[in-house]
Amino acid sequence: MIIDRFNKKISTRVFLIQIILCSAVLLSVTGCWQNNKSGQNREITHEVFKAPQVTILSQLPDSNRPTTILLEDAPKPVVIE
């Protein structure tokens with residue numbers, strides 16, 4: 001009697017694991033499925049990107065130049081004990 005219950009528990013666990021694995025495989029297959037009909041109607045377009053703008057720091061006016069902060073002038077970190 002006890003052995004039959006143990007075998008039933010194992011068989012239900014194996015069955016549940018098989019159901020989970022089969023559903024995962026089914027979801028991954030259907031999720032990766034591509035419809036070729038929608039790909040045929042696409043138009044091919046080429047996007048033109050602008051080249052990045054080069055900024056030379058020495059040519060900037062004084063108001064736009066970055067400020068230099070030296071480590072000696074920076075505030076010391078706060079130590080919390």
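This chain uses plain numbering: 1 for the first residue, then up along the sequence.
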- Between CG on residue Leu60 and CG on residue Leu57, distance to nearest 0.5 Å: 5.5 Å
- Item | Ile80, CD1 atom: more than 12 neighbouring heavy atoms under 6.0 Å | no
- To the nearest 0.5 Å, what is the distance between CD1 (Ile19) and CG (Leu26)? 11.0 Å
- Query: Do the non-hydrogen side-chain atoms of Val14 and Leu16 ever get within less than 4.5 Å of each other?
  - Reply: no
- Message: Rounded at 0.5 Å granularity, tell me how far CD in Gln59 sits from CZ in Arg65.
- Response: 9.5 Å
- Check step by step if side-chain contact (heavy atoms from CB on, under 4.5 Å) holds for Ile17 and Leu21. CA-CA 6 Å; Ile17 291 172; Leu21 289 176; 4.0 Å; yes
- Message: Once rounded to the nearest 0.5 Å, what's the spacing between atom CG of Leu70 and atom OG1 of Thr68?
- Response: 7.0 Å
